[in-house]
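Report on the following structure.
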Amino acid sequence: MKKLVIANWKSHKTLPEVKHWIDEFEDKLDTSLVKDAVDIVIAPSDLYIAEVADELDTVVALGAQDVSPYPTGKYTGATAASQLASMGVKYAIVGHSERRQYFGEDYVQVANKVEQCIDAGITPVVCVDDEYVSAQAAAIRPELHSNCVIAYEALSAIGTGNTMNPAHVADVRDTIKEVFGDVPVLYGGSVTSSNVTEYAKINDGWLIGGASLTLENFWALLTAVANVSDDAGKNGSFA
Ligand code: PGA
């Protein structure tokens, strides 16, 4: 199985910065095999999904950083899963710790977002920290578990430079697979080109924040992943 790398740009970048990143990325892809070795998902601000889709939809999958827990309708300011799907979005991050911390997102809302994503044909990427794997799983209908990708992101590791010990990540991955079933498990939290390969044998991919913002750093990370993906391109694809 190819590794899945999701770039979460958070609330970074203006339109000119997005265009610049895309231009640099396209130049690299022309001369590289990375696109055959790794499944890449770019999750920009919703505002720029169309821009990324127009330029890169043949080489990356589109991601959203969040989604409404409601369908289309009278929900001012919310972006519904079916709206994202109509833009070509294939993955949506739900329950990111920043959403939980700053926007009060709870297990039930995350579970409703999962429902909306699956109804719209979007794969939800459900973020969990160590201690609430089971509570989050319990809030999501069991029959939907197999449609999820789970991202293990410890709060203490996000944006801090303090990655989690790989042995601990392996333990949490096992717990996730016990409660969600044999779903793809990503690791996220201060992953860079220097440490990404420490998790290559443990997880199915990564959720990348800070190290996805400049093309230089992101490309170094993709190259490191491509170099350890011996099965790349042989056993199927996430995208
Ligand atoms: P980070 O963010 O890579 O900057 O730690 C990861 C995330 O929040 O998904």
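In each ligand, atom 1 is the first atom listed, and ligand 1 is the first ligand listed.
Against a heavy-atom cut-off of under 4.0 Å, His96 is close to the following atoms of ligand 1: 7 (C), 8 (O), 9 (O). Heavy-atom proximity to Asn8, at under 4.0 Å, picks out these atoms of ligand 1: 9 (O). Less than 4.0 angstrom separates some heavy atom of Gly189 from each of these atoms of ligand 1: 5 (O). Annotation for ligand 1: atoms under 4.0 Å from non-hydrogen atoms of Gly210 are 1 (P), 3 (O), 4 (O). Listed by number with element, the atoms of ligand 1 under 4.0 Å from a non-hydrogen atom of Ser190 are 1 (P), 3 (O), 5 (O). Against a heavy-atom cut-off of under 4.0 Å, Leu207 is close to the following atoms of ligand 1: 9 (O).
For Ile208, no nitrogen or oxygen atom sits less than 3.5 Å from a nitrogen or oxygen atom of ligand 1, counting backbone and side chain alike. By the 3.5 Å distance cut-off applied to N or O atoms, Thr160 is not counted among the residues near ligand 1. Considering backbone and side-chain atoms alike, Gly209 places an N or O below 3.5 Å from some N or O of ligand 1.
Without hydrogens or angle criteria, Asn217 side chain to Gly210 main chain gives no donor-acceptor distance under 3.5 Å. Checking side-chain atoms of Lys90 against main-chain N and O of Gly63 turns up no donor-acceptor pair under 3.5 Å.
Ring orientation note: the planes of Phe25 and Trp219 are nearly perpendicular, at an angle over 60° on the 30°/60° scale.
Using a 4.0 angstrom heavy-atom cutoff, Gly188 does not count as in contact with ligand 1. Residue Gly159 places a heavy atom less than 4.0 Å from ligand 1.
Pairs engaging residues 48-60 under the side chain to side chain donor-acceptor pair (under 3.5 Å) rule: Lys19-Glu51 [sequence neighbours left out].
With a 4.0 Å cut-off on non-hydrogen atoms, Ile158 touches ligand 1 through its backbone as well as its side chain.
Heavy-atom proximity to atom 9 (O) of ligand 1, evaluated over Glu153, Lys10, Glu98, is greatest for Glu153.
Screening Val125, Ile150, Asn203 for a side-chain contact (heavy atoms from CB on, under 4.5 Å) with Leu186, the sole residue that qualifies is Val125.
Between Ala157 and Tyr187 the shortest heavy-atom distance is CB-OH, 3.8 Å.
Side chain to side chain, Gln65 and His96 fail the donor-acceptor criterion of an N or O pair below 3.5 Å.
For the atom pair NZ (Lys28) and CG (Asp23), the distance works out to 13.5 Å, reported to the nearest 0.5 Å.
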List the atom pairs, donor and acceptor, that lie under 3.5 Å between side-chain atoms in residues 70-89 and the rest of the protein, sequence neighbours left out.
{"residue": "Thr79", "atom": "OG1", "partner": "Asp46", "partner atom": "OD2", "Å": "3.4"}
{"residue": "Gln83", "atom": "OE1", "partner": "Ala80", "partner atom": "N", "Å": "2.8"}
{"residue": "Ser86", "atom": "OG", "partner": "Gln83", "partner atom": "O", "Å": "2.7"}

